[in-house]
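Okay, structure first, notes after.
Residue numbers count from 1 along this sequence.
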Amino acid sequence: MSTQDTVQADAAEHGSAPVTVRLSPEEIRKAQFLASRDHRTRAGFIRVMYLRGLASYEKELETATA
């Protein structure tokens, strides 16, 4: 495990930690536009989208294994 991984794992256990996500320029523009429309920061908007996507993915897994 790299030093960065160790630092992020420790931060994740004790609160939030920054995560790097690679997006295309168009994806960044769209995220910025939608974030400002929702009165959020771009990072806050991306976090909300991640959480929504995660919930949807977990629901798909539940139905696939049921």
Side-chain angles (χ1 to χ4, degrees):
M1 185 181 286
S2 72
T3 303
Q4 182 177 359
D5 291 339
T6 303
V7 168
Q8 286 182 346
D10 186 53
E13 288 179 28
H14 299 98
S16 64
V19 176
T20 303
V21 177
R22 190 174 304 271
L23 300 174
S24 71
E26 179 56 31
E27 291 166 338
I28 292 169
R29 280 191 292 276
K30 187 177 279 190
Q32 186 63 53
F33 171 75
L34 294 171
S36 62
R37 204 174 77 178
D38 280 357
H39 306 288
R40 297 181 186 274
T41 63
R42 184 172 62 200
F45 175 80
I46 291 170
R47 181 172 186 272
V48 167
M49 292 299 104
Y50 164 76
L51 293 172
R52 286 183 181 179
L54 181 60
S56 176
Y57 177 73
E58 289 176 334
K59 191 173 264 188
E60 285 177 31
L61 289 178
E62 286 177 16
T63 59
T65 58

Could you tabulate the donor-acceptor pairs under 3.5 Å formed by side-chain atoms of residues 37-46, not counting sequence neighbours?
residue : atom : partner : partner atom : Å
T41     : OG1  : G44     : N            : 2.9

Would you tabulate the side-chain donor-acceptor contacts of residues 49-66 under 3.5 Å, counting partners in other chains and residues two or more places apart, or write 'none'?
residue : atom : partner : partner atom : Å
T63     : OG1  : K59     : O            : 3.4
T63     : OG1  : E60     : O            : 2.9
T65     : OG1  : L61     : O            : 3.0
T65     : OG1  : E62     : O            : 3.3

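Ion pairing between E26 and R29 holds under the 4.0 Å rule for side-chain N and carboxylate O.
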